[in-house]
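Read the structure below first, then the notes.
To find a chain, count down the sequence lines: A is the first, B the second, and so on, and within it residues start at 1. Below, each value reflects all heavy atoms present in this structure, side chains not excepted, and no hydrogens, waters or symmetry copies.
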Amino acid sequence: MHENANSLVILDFETTGLSPTNGDRAIEIGAVRIENGEITDKFQSLMNPGFRISSFIEQYTGISNQMLTKAAACDEVMDKFADFIGDDNLLAHNASFDKKFLDSELDNIARNYRGEFICSLLVSRRINLDAPNHKLGTLIRYKDIASDGAFHRALFDAEMTAKLWLNMLGDIEEKINHEFVPFELIKTLSKTPKNGVSKLLAAW
DNA sequence: TGCCAGGCCCTCTTTAGGGCCTT
């Protein structure tokens, strides 16, 4: 783990599709940094993938081809984003998706990161047992978290994921004998079968 | 031409299939 275990970068990509191995690219990155329970920094940028995006993605995200022609290239934006995340640990909602795009885009420019990825979706499935489902928008409503903006834009989704995360940390804190939730506990929790979660939290 | 993601997790499971999530 890196030096500042209290600092976490919560990120969200908008992309041209689901799979970088099929040629999909990132078109927007949004991220916030939280330290000691507060948002202390943010990053947002559109990026030009070098080809036209589908009308489905234009509609889904509200990001148009016209907006992207004016944006900086992916390589340029991702270089700045690699500086932003530094060595912080990382979190995303369904992290396996954002991780594969982060890895792919950073591979293109020979950049890297040293932080560890954790996933708010995997944690939610273990602690929000009564939620109707674990989509980001559903969980925001389920938790009564105020949201005023457009889902499926990168910075808004990153901000909402951060609020959801802080809310879930509060729930976990109430169940353990710690003043804060250790990163190691989150990693263990993410791999614990649902029926073992109560016992795990009680043991901390 | 025709193909078109993949990790997690449950179950009527493990010699597998399918739903959930992300764009």
Side-chain angles (χ1 to χ4, degrees), chain A residues 8-32 43-68 71 74 77-78 81 85 90-108 116-143 145 147 149-165 167-168 186-200:
Chain A
L8 183 68
V9 168
I10 297 175
L11 62 98
D12 183 71
F13 279 107
E14 304 306 315
T15 70
T16 64
L18 292 172
S19 174
T21 55
N22 274 7
D24 286 318
R25 298 293 302 268
I27 57 174
E28 186 180 39
I29 179 67
V32 299
F43 186 101
Q44 185 275 331
S45 184
L46 291 170
M47 56 188 118
N48 189 338
F51 55 89
R52 289 183 63 81
I53 62 173
S54 69
S55 55
F56 171 80
I57 293 296
E58 284 189 315
Q59 251 182 341
Y60 187 81
T61 63
I63 298 167
S64 67
N65 278 290
Q66 190 179 13
M67 290 160 71
L68 292 177
C74 292
V77 172
M78 291 306 300
F81 186 61
I85 62 179
L90 305 167
L91 179 147
H93 197 68
N94 199 15
S96 67
F97 176 85
D98 293 279
K99 182 178 188 301
K100 67 187 178 182
F101 276 95
L102 181 65
D103 290 352
S104 170
E105 293 293 346
L106 291 185
D107 269 356
N108 289 339
E116 295 182 72
F117 242 112
I118 53 175
C119 177
S120 52
L121 172 64
L122 294 183
V123 173
S124 178
R125 282 179 175 156
R126 287 164 172 79
I127 68 169
N128 294 319
L129 301 180
D130 295 331
N133 61 58
H134 299 274
K135 292 175 186 173
L136 179 60
T138 301
L139 291 170
I140 293 298
R141 286 191 297 277
Y142 173 73
K143 289 287 193 176
I145 295 168
S147 69
F151 281 105
H152 305 306
R153 285 301 298 268
L155 181 59
F156 184 76
D157 281 4
E159 285 171 336
M160 290 300 106
T161 302
K163 287 184 182 180
L164 173 65
W165 183 245
N167 185 300
M168 291 199 294
I186 297 300
K187 287 200 296 177
T188 306
L189 177 62
S190 301
K191 292 182 282 190
T192 300
K194 243 187 232 178
N195 61 11
V197 168
S198 299
K199 194 184 255 184
L200 171 73

(request) On DNA chain B, check which nucleotide each of K191(A) and I57(A) is closest to and give me the residue with the more 5' one. (result)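 Result: K191(A).
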(message) Return whichever of S190(A) or Y60(A) has its heavy-atom-nearest nucleotide of DNA chain B closer to the 5' end.
(response)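 Nearest-nucleotide comparison on DNA chain B picks S190(A).
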(message) I'd like to know if the side chain of T16(A) pairs up with that of D24(A) as donor and acceptor (distance under 3.5 Å, no hydrogens or angles considered).
(response)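 Yes, D24(A) and T16(A) have a side-chain donor paired with an acceptor closer than 3.5 Å.
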(request) Would you kindly say whether N133(A) and T138(A) are connected by a side-chain donor-acceptor distance under 3.5 Å? (result)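 Indeed, the side chains of N133(A) and T138(A) share at least one donor-acceptor pair under 3.5 Å.
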Provide the distance between the two [atom1] atoms, one in [N] and one in [M], to the nearest whole Å.
| N | M | atom1 | result |
| --- | --- | --- | --- |
| dG18(B) | dT13(B) | C1' | 12 Å |
| dC4(B) | dC9(B) | P | 26 Å |
| dC3(B) | dC10(B) | C1' | 29 Å |
| dT1(B) | dG7(B) | C1' | 30 Å |
| dC12(B) | dA16(B) | C1' | 11 Å |
| dT23(B) | dA5(B) | C1' | 11 Å |

For [X], which contact category applies under a 4.0 Å heavy-atom criterion: base, sugar-phosphate, or nothing?
| X | answer |
| --- | --- |
| R25(A) | nothing |
| D24(A) | nothing |
| T16(A) | nothing |
| F13(A) | sugar-phosphate |
| D98(A) | nothing |
| L136(A) | sugar-phosphate |
| D157(A) | sugar-phosphate |

Heavy-atom donor-acceptor pair, [X] side chain to [Y] backbone, under 3.5 Å:
| X | Y | result |
| --- | --- | --- |
| R126(A) | L122(A) | yes |
| D12(A) | G30(A) | no |
| E28(A) | A154(A) | yes |
| T61(A) | I57(A) | yes |

Aromatic rings [X] and [Y]: how do their planes relate, parallel, tilted or perpendicular, breaks at 30° and 60°?
| X | Y | value |
| --- | --- | --- |
| F151(A) | F156(A) | perpendicular |
| F97(A) | F101(A) | tilted |
| H152(A) | Y60(A) | tilted |

(message) How about NZ on K100(A), more than 12 heavy atoms from neighbouring residues, nucleotides or ligands closer than 6.0 Å, or not?
(response)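 Yes, because the 6.0 Å sphere around NZ of K100(A) holds more than 12 heavy atoms from other groups.
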(message) Short of 4.0 Å, heavy atom to strand atom, which residues of residues 44-54 of chain A count as contacting DNA chain B?
(response)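 Listed by number, there are none.
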(request) Using the heavy-atom set of chain A and a strict 4.0 Å cut-off, write down the first and last nucleotide of DNA chain B that makes it in, 5' to 3'. (result)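 Range of nucleotides touched by chain A: dC4(B) to dT23(B).
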